[in-house]
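Below is one structure, written out as structure tokens, with a few remarks after it.
Quick note on labels: first sequence line is chain A, next is B, and so on, each numbered from 1.
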Protein chains: 2
Amino acid sequence: MARQTAATPAISVTDCAYSRVLEIVSSKWTVLIIFALAGGAQRYGELRRRIADISQKMLTQTLRQLERDGLIKRTVMPAVPPIVEYALTPLGETLLPHIRQMKQWTTDYYPLVEQARKEYDRENAQK
Amino acid sequence: MARQTAATPAISVTDCAYSRVLEIVSSKWTVLIIFALAGGAQRYGELRRRIADISQKMLTQTLRQLERDGLIKRTVMPAVPPIVEYALTPLGETLLPHIRQMKQWTTDYYPLVEQARKEYDRENAQK
DNA sequence: CTGCATCCCCGGAGATACTG
DNA sequence: CAGTATCTCCGGGGATGCAG
């Protein structure tokens with residue numbers, strides 16, 4: 001696929017580095033979880049309460065995925081009832097600056113995006 | 001919703017700034033398009049060839065969305081057959097540094113993620 | 001050349017109920 | 001407390017065909 005001369009290099013989903021980041025972080029929940037863990041380890045129930053409107057299924061599923069990617073560490077304390085703690089790994093922490101940067105971008109520019117949307121919708125209202 | 005004391009602030013999808021960025025950039029195609037436009041304006045057909053495996057529908061749809069968000073500008077030249085060019089707006093260009101940073105993160109750390117996955121899968125293979 | 005409309009399928013994600 | 005197991009629904013996204 002994508003036979004290309006050097007002049008016009010193709011961009012593919014599988015090649016583009018940013019697409020691979022999205023592959024890790026695309027779910028809307030992943031970032032919220034990383035955020036919630038930024039301050040230190042948290043228990044399952046704490047995360048559940050902390051992150052508004054997340055379902056058990058999505059919390060567990062996203063935690064597993066992050067664990068598999070080596071971004072968080074799951075620790076089970078032998079106790080009854082069980083205590084399970086989640087914490088960012090060093091690898092996971094390397095994402096924090098980038099997330100904060102994105103957050104900053106939103107703070108700076110999101111109002112402009114909202115404004116652009118309003119204008120666009122107004123112009124395309126007459127149909 | 002989410003009545004919370006100051007001690008344990010809740011994080012919600014609608015509030016978290018990063019979630020709003022994802023709202024803009026979440027589709028796997030958006031970033032590829034921004035990338036493709038980083039070097040300058042491009043015509044519809046050029047984009048279509050440039051971005052591997054994108055369908056007409058998704059290209060058009062994503063372009064419209066980016067235009068609505070004020071990140072790209074659509075210019076129609078009166079000609080037959082029609083010529084349509086797309087280019088990043090100044091607002092759209094403010095995203096480029098962040099995308100490049102993410103790309104750098106991937107370059108630096110993605111191998112570790114792949115390795116973590118392999119280990120995880122190996123450990124959980126015996127079931 | 002640059003789209004829009006339509007049909008259709010698959011997987012993400014919520015709700016609910018049960019377990020060690 | 002910290003999950004797992006189903007069922008289901010909805011919408012993202014591909015394929016195809018038509019249009020200015």
Side-chain angles (χ1 to χ4, degrees), chain A residues 1-2 8 12-14 19 22-33 36-37 41-69 72-87 120 124 126-127, chain B residues 1-2 8 12-14 16 19 22-33 36-37 41-69 72-87 120 124 127:
Chain A
M1 70 182 76
T8 55
S12 80
V13 196
T14 46
S19 295
L22 280 183
E23 174 192 323
I24 297 172
V25 144
S26 63
S27 153
K28 60 177 177 178
W29 300 118
T30 50
V31 183
L32 293 184
I33 291 180
L37 293 177
Q42 297 256 322
R43 297 182 54 178
Y44 185 88
E46 289 171 336
L47 286 172
R48 193 150 149 56
R49 281 186 297 276
R50 186 97 185 279
I51 302 174
D53 299 325
I54 193 169
S55 64
Q56 279 183 353
K57 180 186 169 185
M58 288 320 295
L59 179 53
T60 301
Q61 185 173 308
T62 312
L63 284 170
R64 284 290 119 69
Q65 190 185 323
L66 287 170
E67 188 193 359
R68 185 171 107 96
D69 288 346
I72 66 176
K73 172 113 175 82
R74 177 171 180 269
T75 311
V76 183
M77 338 280 268
V80 179
I83 295 177
V84 182
E85 270 196 353
Y86 293 91
Y120 185 94
N124 295 58
Q126 81 284 7
K127 67 139 186 247
Chain B
M1 70 180 80
T8 56
S12 81
V13 195
T14 47
C16 176
S19 295
L22 280 183
E23 175 192 323
I24 296 172
V25 144
S26 65
S27 153
K28 59 179 178 178
W29 300 117
T30 50
V31 183
L32 293 183
I33 291 180
L37 293 176
Q42 296 256 322
R43 294 183 56 180
Y44 184 87
E46 290 171 336
L47 286 173
R48 191 151 152 55
R49 280 186 299 276
R50 187 97 185 278
I51 302 175
D53 299 326
I54 194 170
S55 65
Q56 279 184 349
K57 180 186 172 185
M58 288 321 295
L59 180 53
T60 301
Q61 184 175 307
T62 312
L63 285 170
R64 285 289 117 69
Q65 190 186 324
L66 287 170
E67 189 193 358
R68 186 170 106 96
D69 289 345
I72 66 175
K73 171 109 175 85
R74 178 173 180 267
T75 311
V76 183
M77 339 280 268
V80 179
I83 296 177
V84 182
E85 271 196 352
Y86 294 90
Y120 184 93
N124 295 59
K127 70 137 184 254

Taking only residues two or more places apart in sequence, or in another chain, which ones meet B/Thr75 in a side-chain hydrogen bond (donor to acceptor under 3.5 Å, both in side chains)?
-> none
What is the distance from CG of A/Leu59 to C1' of D/dA2, rounded to the nearest Å?
-> 10 Å
What residues form a side chain to side chain contact (heavy atoms under 4.5 Å, CB included) with A/Val76, not counting sequence neighbours?
-> A/Arg74, A/Val84
Across all chains, not counting sequence neighbours, the salt bridge (Lys or Arg N to Asp or Glu O under 4.0 Å) partners of A/Glu46 are none
Along DNA chain C, first and last positions that approach a heavy atom of chain A under 4.0 Å = C/dA13 to C/dG20
Got a sec, which residues hit side-chain hydrogen bond (donor to acceptor under 3.5 Å, both in side chains) with B/Ser55, two or more places apart in sequence or on another chain?
-> none
Side-chain N,O (A/Arg43) to OP1/OP2 (D/dG3) below 4.0 Å = no
By salt bridge (Lys or Arg N to Asp or Glu O under 4.0 Å), which residues pair with A/Arg48, not counting sequence neighbours?
-> none
Do you know the tightest heavy-atom contact between A/Tyr86 and A/Leu37?
-> O-CD2, 3.4 Å
Partners of B/Ala41 by side chain to side chain contact (heavy atoms under 4.5 Å, CB included), sequence neighbours excluded?
-> B/Glu85, B/Ala87
Counterpart residues, salt bridge (Lys or Arg N to Asp or Glu O under 4.0 Å), relative to A/Glu67 (two or more places apart) | A/Arg64
Compare all side-chain heavy atoms of B/Tyr120 with those of A/Asp69 and state whether any distance is below 4.5 angstrom.
-> no
Axis bend over the full length of the helix from C/dC1-D/dG20 to C/dG20-D/dC1, computed from five pairs that close each end, to 10 degrees | 50°
Residues at least two apart in sequence or cross-chain that pass side-chain hydrogen bond (donor to acceptor under 3.5 Å, both in side chains) with B/Glu23, listed by chain then number, are A/Tyr110, A/Arg117
Under 4.0 angstrom between A/Tyr44 side-chain N/O and D/dT4 OP1 or OP2 = no
Going 5' to 3' through nucleotides 12-20 of chain D, assign each nucleotide B (protein heavy atom under 4.0 Å from a base atom), S (under 4.0 Å only from sugar-phosphate atoms) or - (no protein heavy atom that close).
-> -BBB-B--B
So, is A/Arg64 close to the D/dT4 phosphate, meaning a side-chain N or O under 4.0 Å from OP1 or OP2?
-> yes
